[in-house]
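Step one of this worksheet: look at the structure below.
Chain letters run A, B, ... following the sequence lines, proteins first, then strands; residues in each count from 1.
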Number of protein chains: 2
Amino acid sequence: MTSGNSAHSDPLGFEAHDHAGCIDTAIAAAEAHCAEHGLRFTPVRRSALEFLLREHRAIGAYEMLDLLRDAGYGSQPPVAYRALEFLVANGFAHKIERLNAFIACAHPGATHSPAFMICRDCQSVAEAHSSPARGILGDAAKATGFQIEGTMIEAVGLCPTCAQKAAS
Amino acid sequence: MTSGNSAHSDPLGFEAHDHAGCIDTAIAAAEAHCAEHGLRFTPVRRSALEFLLREHRAIGAYEMLDLLRDAGYGSQPPVAYRALEFLVANGFAHKIERLNAFIACAHPGATHSPAFMICRDCQSVAEAHSSPARGILGDAAKATGFQIEGTMIEAVGLCPTCAQKAAS
DNA sequence: CCTGAAATGTTATAAAATCACATGAGGCCC
DNA sequence: GGGCCTCATGTGATTTTATAACATTTCAGG
Ligand SMILES: [Zn+2]
Ligand SMILES: [Zn+2]
Ligand SMILES: [Zn+2]
Ligand SMILES: [Zn+2]
């Protein structure tokens with residue numbers, strides 16, 4: 001899309017991590033959350049979350065649709081959009097507005113308003129924690145009387161790997 | 001789009017302001033900036049900015065296209081997208097990712113990375129100032145080695161007017 | 001004037017998201 | 001278990017948003 005896409009291997013926090021374990025952990029967390037809140041963690045929804053976790057990068061709705069179709073589910077856009085909507089609504093995944101894409105939550109369990117760092121070169125995305133009503137937005141909201149219900153904070157730039165590549 | 005759209009009259013900062021004067025001021029500022037930097041502030045671009053300033057709210061690309069076509073310019077999408085691209089690139093306008101729409105900059109002149117508060121009820125948008133590398137993002141970037149090139153910070157919620165309406 | 005770079009206009013197409021409606025699977029009461 | 005209601009799924013069609021590709025025009029600089 002941009003230029004040199006060479007998708008390196010650790011998009012989560014731009015650093016190595018226990019990728020094998022984090023899938024099981026996240027799925028288990030989602031399962032528990034759904035059981036506790038009377039939500040239906042159906043096969044499509046589970047599969048969608050598994051794909052997000054396995055890929056470990058931002059996935060477009062239509063790319064997800066391909067994956068779901070290949071897995072034997074429906075083949076029309078709403079299939080993907082509905083599964084993703086469920087995952088986002090329950091905090092299992094996030095939408096990256098800048099990319100029109102979705103990514104599994106890197107900090108499952110905790111209620112949080114995430115902040116993302118998006119590499120414009122390799123498209124990797126890192127998720128940082130954020131406080132909903134802090135920083136510039138909290139101040140501005142307080143000053144004007146705006147009631148914040150949700151925030152989206154995204155930074156575009158170069159991840160450590162790509163920055164190093166660019167410098168050389 | 002959502003539900004009760006009653007677009008109140010002061011979307012800028014959720015408060016009254018000298019709307020008549022701010023158009024001329026902003027246009028003049030843009031004109032000066034372009035003259036100084038050797039940019040061509042062409043009729044379409046000027047018209048597009050005037051529309052954004054006059055409407056004083058987030059405008060979709062296709063809505064802008066309608067306005068431009070009615071004003072005698074081209075009638076195809078690239079006409080609007082190119083004008084808006086120019087305005088955004090030079091800081092005269094911003095794109096609200098959450099709305100897929102554009103809005104005139106409320107703080108022309110100053111180089112800044114804006115933060116927006118978007119009312120989910122009346123769609124009004126307020127622009128607050130922000131420092132590129134401060135707050136949660138700056139910390140996270142420093143910790144991971146991410147080089148921030150641009151940020152987008154948007155909050156969705158209720159503006160003071162709509163919050164009051166909802167409370168009653 | 002000549003010329004090259006930037007801007008405009010148009011056709012066509014791609015990408016992203018939603019609408020509308022039929023069918024199917026579960027939970028619940030009896 | 002059978003009836004019933006709700007939510008989830010599947011599909012076709014459409015809308016909305018955005019870009020590609022290319023011909024033509026405009027304009028500053030020489
Ligand atoms: Zn998260
Ligand atoms: Zn990178
Ligand atoms: Zn601004
Ligand atoms: Zn409002």
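With centres under 5.5 Å and a plane angle under 30°, the ring of Y62(B) is stacked against the base of dT17(D).
In this structure, CD of E63(A) is placed 16 Å from C1' of dA14(C), rounded to the nearest angstrom. dA14(C) atom P lies 17 Å from atom CG of L65(A), rounded to whole Å. In this structure, the CE atom of M64(B) is 14 Å from the P atom of dT17(D), given to the nearest Å. Between the P atom of dC19(C) and the OH atom of Y81(A) lies a distance of 12 Å, rounded to the nearest Å. Atom CD in E85(A) sits about 8 Å away from atom P in dT18(C), given to the nearest Å. The distance between atom CG of L84(B) and atom C1' of dA18(D), rounded to the nearest whole Å, is 12 Å. Taking atom CZ on R98(A) and atom P on dA18(D), their separation rounds to 12 Å, with Å as the unit. In this structure, D66(B) atom CG and dT16(D) atom C1' are separated by 13 Å, rounded to whole Å.
The phosphate of dG12(D) (OP1 or OP2) has a side-chain N or O of Q76(A) nearer than 4.0 angstrom. Under 4.0 angstrom from either OP1 or OP2 of dT10(C) there lies at least one side-chain N or O belonging to S75(B). Residue K95(B) has no polar side-chain atom (N or O) positioned under 4.0 Å from OP1 or OP2 of dT17(D).
No continuous path of hydrophobic side-chain contacts links L158(B) to I118(B) [ILVMFWY only; heavy atoms under 4.5 Å]. Residues V156(A) and V88(B) do not share a hydrophobic cluster, clusters being chains of Ile/Leu/Val/Met/Phe/Trp/Tyr side chains in contact below 4.5 Å.
Comparing E97(A) and T42(B) along DNA chain C, the residue whose closest nucleotide (by nearest heavy atom) sits nearer the 5' end is T42(B). Positionally, the nearest nucleotide of DNA chain C for R45(B) lies more toward the 5' end than for the other of R45(B) and A61(A). Between G74(A) and F86(A), the residue anchored closer to the 5' end of DNA chain D is F86(A), taking for each the nucleotide with the nearest heavy atom.
Closest approach of M64(A) to A80(A), counting heavy atoms only: CG-CB, 4.2 Å. Taking every heavy atom of both residues into account, L84(B) and A61(B) meet most closely at CD1-CA, 3.9 Å. Closest non-hydrogen pair, C159(A) versus C119(A), comes out as N-SG, 3.5 Å.
In the helix from dC1(C)-dG30(D) to dC30(C)-dG1(D), the terminal helix axes, each the rotation mapping four pairs' C1' atoms onto the next four within five end pairs, subtend 30°, rounded to 10°.
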One character per nucleotide, please: for nucleotides 25-30 of chain D, 5' to 3', B when the base has a protein heavy atom closer than 4.0 Å, S when only the sugar-phosphate does, - otherwise.
--S---

Does the pair K95(B) and E85(B) meet the rule for a salt bridge (Lys or Arg N to Asp or Glu O under 4.0 Å), with working shown?
CA-CA 9 Å; K95(B) 181 173 186 183; E85(B) 180 183 37; over 6 Å; no

Report the C-alpha separation of R69(B) and D66(B) in whole Å, then their side-chain angles, then the decisive distance to 0.1 Å, and conclude whether the salt bridge (Lys or Arg N to Asp or Glu O under 4.0 Å) test is met.
CA-CA 5 Å; R69(B) 176 177 45 228; D66(B) 287 342; 2.4 Å; yes

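Taking F102(B) as the reference, nothing meets the ring pair (Phe, Tyr, Trp, His ring centres under 6.0 Å) condition, with sequence neighbours excluded.
In this structure, the nucleotide among dT17(D), dT10(C), dT11(D) sitting nearest to the side chain of N100(B) is dT17(D). Of the candidate nucleotides dT11(D), dT10(C), dA17(C), dT10(C) has the atom lying nearest to any side-chain atom of P78(B).
For F92(A) and H33(A), the distance between ring centers is under 6.0 angstrom.
For the residue pair H112(B) / E127(B), a side-chain donor-acceptor distance below 3.5 Å is found, with atom types taken as modelled.
Among the protein residues, R82(B) comes within range of the nucleic acid bases, having at least one heavy atom under 4.0 Å from a base atom.
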